[in-house]
Amino acid sequence: GALVVSYYKSPEFNKLSDGTKANYRRHCEVIREKNGIKDVRRFRRKHAIAARDALQETWSKANERIAVQSILCKHAVDLEWIDRNPVVDISKLSGGSYEAWPDVKLLAFERYCLTNDLTTALTAFEVAIGTGQRIGDCAKMAWDDFDGEFMNVILDKTKAKLRVYCPERLQQYLGSLPRKGRHIF
């Protein structure tokens, strides 16, 4: 528990993007809930592997948990609470891939939004599909970022600046919207 609290106060944690912080916090809080009173000096590689394997049905979550355990153990090494990081080089699980929604589902979502006057939801959908960006990055897109053909994006995760081409469908959709406020949605 003390390790998690210390990590939250660290410069390493505080320099992370808000989305990454939230993701790490979810894992840290589960770790703290299950192990809060335990001594990190007794944490072994087998414990990390057992935690990973317990989540193997959700392989992506399992890999994230291992990553956060490793970050916490690195922090414990930096604090000189332990001598080495027992989570280093634990192999990640591999799983299936995420499949795109079939066209029939995409059309059904569009129809539902149009039928129920859900302009914000439809705009989020069109911008995400059209730019291929994460929803958090899409939510930050402003009208000034769109020049009619390209969208200027600063990625939340890496702070990289991109100029993303918007396909004709997205260009037409955005062109049909009234420009209310600074942000697109």
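- Hydrophobic clustering (side-chain heavy atoms under 4.5 Å, transitive across Ile, Leu, Val, Met, Phe, Trp, Tyr) keeps L118 apart from W101.
- Atoms SG and CH2, from C73 and W81 in turn, are 11.5 Å apart once rounded to the nearest 0.5 Å.
- Nearest heavy atoms, R42 versus H47: O-CE1, 3.4 Å.
- Closest approach of C138 to T131, counting heavy atoms only: SG-OG1, 3.8 Å.
- There is no path of hydrophobic side-chain contacts, each under 4.5 Å, that joins I154 to V127.
- Ion pairing between R32 and E29 holds under the 4.0 Å rule for side-chain N and carboxylate O.
- A salt bridge is defined here as a Lys NZ or Arg NE, NH1 or NH2 lying under 4.0 Å from an Asp or Glu carboxylate O, and E126 with R169 meets this definition.
- Put simply, the side chain of N14 reaches to within 4.5 Å of the side chain of K21, judged on heavy atoms.
- The CZ atom of F185 sits 11.0 Å away from the CG atom of L122 when rounded to the nearest 0.5 Å.
- Heavy atoms of other residues, nucleotides or ligands lying less than 6.0 angstrom from NZ of K180 number 12 at most.
- Cluster annotation: Y24 is connected to V40 through the hydrophobic network of ILVMFWY side chains, with a link wherever side-chain heavy atoms come within less than 4.5 Å.
- Side-chain contact check for Q133 versus L162: some heavy-atom pair is nearer than 4.5 Å.
- Crowding of R179 atom CZ: a count of heavy atoms from other residues, nucleotides or ligands under 6.0 Å exceeding 12.
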(message) If you apply the rule side-chain contact (heavy atoms from CB on, under 4.5 Å), what do you find for V153 with K161, and how did you get there?
(response) CA-CA 6 Å; V153 182; K161 295 178 181 179; over 6 Å; no

(message) Using the rule given for side-chain contact (heavy atoms from CB on, under 4.5 Å), can you reason through R45 versus I90, listing the C-alpha separation, both sets of side-chain angles and the distance that settles it, and then say yes or no?
(response) CA-CA 8 Å; R45 184 177 184 80; I90 291 179; 3.6 Å; yes

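- Annotation: side chain of S10 is in contact with side chain of H75 (closest heavy-atom distance under 4.5 Å).
- Proximity of M151 to M141: side-chain heavy atoms (C-beta onward) are separated by under 4.5 Å at one or more points.
- Put simply, CD on Q56 and NZ on K61 are 13.5 Å apart, with the number rounded to the nearest 0.5 Å.
- Side-chain atoms of T20 do not come within 3.5 Å of backbone N or O of L16 as any donor-acceptor pair.
- You'll find the side chain of N35 stays beyond 4.5 Å of the side chain of F43, heavy atoms only.
- The closest side-chain heavy-atom distance from F125 to C113 is not below 4.5 Å.
- Remark: F13 pairs with Y7, Y8 by the ring pair (Phe, Tyr, Trp, His ring centres under 6.0 Å) rule, at least two apart or across chains.
- Residue N152 holds its CG atom at 9.5 Å from CZ of F150, rounded to the nearest 0.5 Å.
- Counting only heavy atoms from C-beta outward, the side chains of V104 and F109 never approach each other to under 4.5 Å.
- A salt bridge does not link R26 with E33: none of the charged nitrogens is closer than 4.0 Å to a carboxylate oxygen.
- The NE2 atom of H27 sits 10.5 Å away from the CD1 atom of I66 when rounded to the nearest 0.5 Å.
- Linking Ile, Leu, Val, Met, Phe, Trp and Tyr residues whenever their side-chain heavy atoms come within less than 4.5 Å places V77 and L79 in a single cluster.
- The backbone N or O of Y173 lies less than 3.5 Å from a partner atom in the side chain of S176, making a donor-acceptor pair.
- Once rounded to the nearest 0.5 Å, the distance linking CZ of R111 with CG of N116 reads 12.5 Å.
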(message) Set out, in order, the CA-CA distance, both residues' side-chain angles and the distance that settles side-chain contact (heavy atoms from CB on, under 4.5 Å) for E64 and N23, then state yes or no.
(response) CA-CA 9 Å; E64 286 180 359; N23 187 36; 3.4 Å; yes

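- Note on Y165 and L155: separate hydrophobic clusters, where clusters join Ile, Leu, Val, Met, Phe, Trp and Tyr whose side-chain heavy atoms are under 4.5 Å apart, directly or indirectly.
- Here the closest non-hydrogen pair linking L93 and A62 is CD1-CB, 3.8 Å.
- Heavy atoms of other residues, nucleotides or ligands lying less than 6.0 angstrom from CG of D147 number more than 12.
- Taking 4.0 Å as the cut-off between side-chain N and carboxylate O, K140 and D156 count as a salt-bridged pair.
- Annotation: side chain of Q69 is not in contact with side chain of P86 (no heavy-atom distance under 4.5 Å).
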(request) Could you go through the side-chain contact (heavy atoms from CB on, under 4.5 Å) check for K46 and I49 one step at a time? (result) CA-CA 5 Å; K46 67 181 180 180; I49 292 169; 5.6 Å; no

